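Working notes, structure below.
Computed from a predicted structure; not experimentally measured.
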Amino acid sequence: MTLTGRDGERSDRRRLLVVGAGEAGRSLAREIRDGAFALEPVAFIDDDPDLLGGHVLGLPILGGLEDLVAAAALARAEEILIAIPSATGPVIRRLVLLCRRAGLPFRIAPGIRAIIEGDVHFAQVREVAPEDLLGRETVSFRAGDARALIHGRSVMITGAGGTIGAELCRRVGELEPRELLLLGRGENSLHKISQELASRFPHLRTPVLIADVRDQERLDVFATRHRPELVFHAAAHKHVPLMEENPEEAVFVNVRGTANLIRFARRVGAERFVLISTDKAVAPASVMGATKRVAEMLVAAAGRAGGRTRFMTVRFGNVLGSRGSVVPLFQACIRRGVPLPVTDDRMTRYFMTVKEAVLLVIETMVIGENAATYILEMGDPVSIMDLARNMLALAGYDPENGDLGPGIVSTGLRPGEKLHEALVDTDERLGASRNPLINRALSLRERACDPDGILATLLEPARRGEMSGVRAALAQVLGSPEFPS
């Protein structure tokens with residue numbers, strides 16, 4: 001086919017090949033062509049056989065998706081736009097590899113959910129991210145109810161310098177609280193997020209409370225100075241292998257720290273309290289998971305005990321890009337040119353973006369019933385081996401044709417790790433909420449919980465530094481002989 005180009009084509013614009021001639025691709029091509037952009041659409045490719053050899057918007061269809069490299073050369077393209085909002089992770093991964101082979105920069109249009117909720121615009125186009133290769137889309141967020149709850153009120157976020165805590169600060173800040181209390185013990189990370197908030201929300205008060213959630217006396221002091229109405233408890237130890245080596249610390253922070261925050265919320269008369277939990281709390285095989293399960297039990301017991309404060313838990317899996325997660329680890333390995341460590345080629349995990357998780361956490365507080373445990377809809381579990389291959393593909397390597405670049409190495413399961421995580425325990429079933437992306441865990445049997453007894457059982461061996469004693473105490477509290485003691 002001879003490529004003739006559009007009459008009046010601007011020579012100062014970069015020639016753009018659009019992948020996908022459907023509604024999204026046509027809409028974007030039209031906007032780019034008619035707007036003041038430094039790009040000029042010159043051709044499409046699409047797998048629809050009825051379009052092959054034809055024209056859309058006066059531009060030729062140069063082939064199917066597998067013809068990307070040849071089509072880019074024929075069109076003399078200088079950039080590529082992937083505009084297939086319904087594309088799955090494997091399809092996007094393949095397109096990324098073909099773009100790399102073509103040697104051209106590429107960007108991607110938003111996913112199908114964004115298309116449904118409103119017209120696609122070029123401003124939404126961005127670089128391909130790891131979550132695109134996993135086939136996940138970020139959730140929509142209707143801020144009206146959340147704003148009604150948060151606007152003009154005092155909100156506390158513990159662990160405010162962490163990945164989830166900091167994102168909570170950003171999203172809550174957008175809802176215009178009266179003040180946002182940032183509690184944590186890492187002064188550098190807290191300073192960083194407080195500076196960011198000061199720049200983005202100059203009229204928002206953001207007191208920084210340097211404290212350890214283990215320190216009840218320090219929290220008691222804060223209770224005389226501040227009266228937060230809403231509390232997001234994100235502070236926790238989350239690193240599984242490290243907590244296997246330091247089980248006492250996991251008890252002090254994840255269990256005692258949660259108990260301390262429950263007491264604090266009651267003392268200040270907070271209206272709502274949300275504990276951020278993890279899928280590792282389900283049938284826990286690790287100290288970290290076990291201590292988070294106990295934290296869930298304490299929060300549910302606090303809710304059942306009555307009082308002004310509404311206590312609830314939200315449970316979800318891994319967050320893409322969080323500190324200590326596998327994505328930044330793989331990215332660092334690729335930059336250094338060393339093999340990507342995969343513990344087992346059968347391992348799977350649930351993933352979502354930090355923005356997605358945090359928006360749903362906020363919605364959970366809005367809809368949350370007292371003593372409830374909510375589970376975020378995570379989609380299907382993702383193969384860690386596939387994720388490693390995805391990351392290599394994004395970096396320009398082709399795992400499908402033997403070009404692994406730095407490669408992948410199997411390291412074996414680490415202490416406390418499981419091949420597969422679950423979001424729902426065997427003694428739970430899922431119930432619906434008013435948000436289809438948030439489910440409620442309904443217990444099939446009421447588990448007795450004596451908070452004071454639990455704390456006494458766990459803290460005694462923890463204070464003495466008896467690692468095996470801490471494990472045995474966790475197994476006793478959970479009634480779980482499977483938990484390694």
Side-chain angles (χ1 to χ4, degrees), residues 89 92-93 96 100 108 126-138 159-171 184 186 188-193 196 234-244 276 278-280 286 288-289 316-345 347-359 361 376 378-379 381-397 399 404-418 421:
I92 295 175
R93 182 172 72 188
V96 166
R100 292 291 191 186
I108 191 168
R126 54 173 173 73
E127 293 185 355
V128 177
E131 52 264 36
D132 296 310
L133 304 183
L134 293 172
R136 281 202 63 85
E137 293 190 74
T138 56
T163 303
I164 293 172
E167 186 67 14
L168 272 169
C169 291
R170 298 181 187 104
R171 300 303 163 186
N188 291 329
S189 58
L190 286 171
H191 177 70
K192 181 178 179 181
I193 186 61
E196 178 184 337
H237 281 316
K238 305 179 182 73
H239 200 287
V240 169
L242 287 182
M243 292 305 102
E244 291 301 301
I276 308 295
T278 169
D279 57 357
K280 294 172 181 62
S286 65
M288 191 280 273
F316 52 92
N318 294 278
V319 172
L320 281 169
S322 65
R323 293 189 309 202
S325 78
V326 70
V327 170
L329 170 63
F330 284 172
Q331 289 172 326
C333 289
I334 291 171
R335 285 194 298 269
R336 291 161 49 208
V338 300
L340 280 60
V342 174
T343 54
D344 190 291
D345 59 10
M347 178 176 277
T348 62
R349 288 293 183 267
Y350 290 98
F351 284 98
M352 65 188 349
T353 66
V354 63
K355 176 182 176 182
E356 181 180 21
V358 162
L359 292 179
V361 166
L376 303 189
M378 301 288 298
V382 172
S383 162
I384 300 301
M385 181 61 76
D386 282 350
L387 176 58
R389 293 189 178 116
N390 288 341
M391 299 298 294
L392 289 168
L394 193 56
Y397 304 107
L404 289 175
I408 299 171
V409 61
S410 179
T411 60
L413 288 175
R414 297 177 297 174
E417 285 188 324
K418 295 190 291 187
E421 298 287 359

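Residues Gly159 and Ala235 approach most closely at N-CB, 3.5 Å, considering heavy atoms. A pairwise comparison of heavy atoms in Gly405 and Tyr397 identifies CA-CD2, 3.4 Å as the closest pair. Taking all atoms of both residues into account, the shortest heavy-atom contact from Met288 to Glu244 is N-OE2, 4.4 Å. Contact between Ser410 and Thr343 at its shortest, heavy atoms only, is OG-O, 3.6 Å. The shortest non-hydrogen separation linking Val319 to Thr353 is CG1-C, 4.1 Å. Here the shortest heavy-atom pairing between Ile193 and Ala160 reads CG2-O, 3.8 Å.
Between the CZ atom in Arg171 and the CG atom in Leu359 there is a gap of 6.0 Å [rounded to 0.5 Å]. Residue Ile384 holds its CD1 atom at 10.5 Å from CG of Asp344, rounded to the nearest 0.5 Å. The CG atom of Leu387 sits 8.5 Å away from the CG atom of Leu340 when rounded to the nearest 0.5 Å. The CD atom of Glu421 lies 4.5 Å from the CZ atom of Arg349; values are rounded to the nearest 0.5 Å. Summarising the geometry, atom CZ belonging to Phe316 is positioned 9.5 Å from atom CG belonging to Asp279; distances are rounded to the nearest 0.5 Å.
The shortest side-chain heavy-atom distance between Val240 and Arg414 does not fall under the 4.5 Å cut-off. Using a 4.5 Å cut-off on side-chain heavy atoms (C-beta onward), Val361 and Ile276 make contact. No side-chain heavy atom of Pro381 sits less than 4.5 Å from a side-chain heavy atom of Phe351. Between Leu376 and Glu356 there is no side-chain heavy-atom pair separated by less than 4.5 Å. Residues Met347 and Val342 have side chains not in contact (no heavy-atom distance under 4.5 Å, counting atoms from C-beta outward). Residues Ile334 and Met391 form a side-chain contact, since some pair of their non-hydrogen atoms from C-beta on lies under 4.5 Å apart. A heavy-atom distance below 4.5 Å is not found between the side chains of Lys418 and Lys280. Looking only at side-chain heavy atoms (C-beta outward), Val338 and Pro406 stay at 4.5 Å or farther from each other.
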Arg170 and Glu196: CA distance, side-chain angles, deciding distance, salt bridge (Lys or Arg N to Asp or Glu O under 4.0 Å) verdict | CA-CA 9 Å; Arg170 298 181 187 104; Glu196 178 184 337; 2.6 Å; yes
Can you check side-chain contact (heavy atoms from CB on, under 4.5 Å) on Asn318 and Val382, steps first, answer last?
-> CA-CA 10 Å; Asn318 294 278; Val382 172; over 6 Å; no
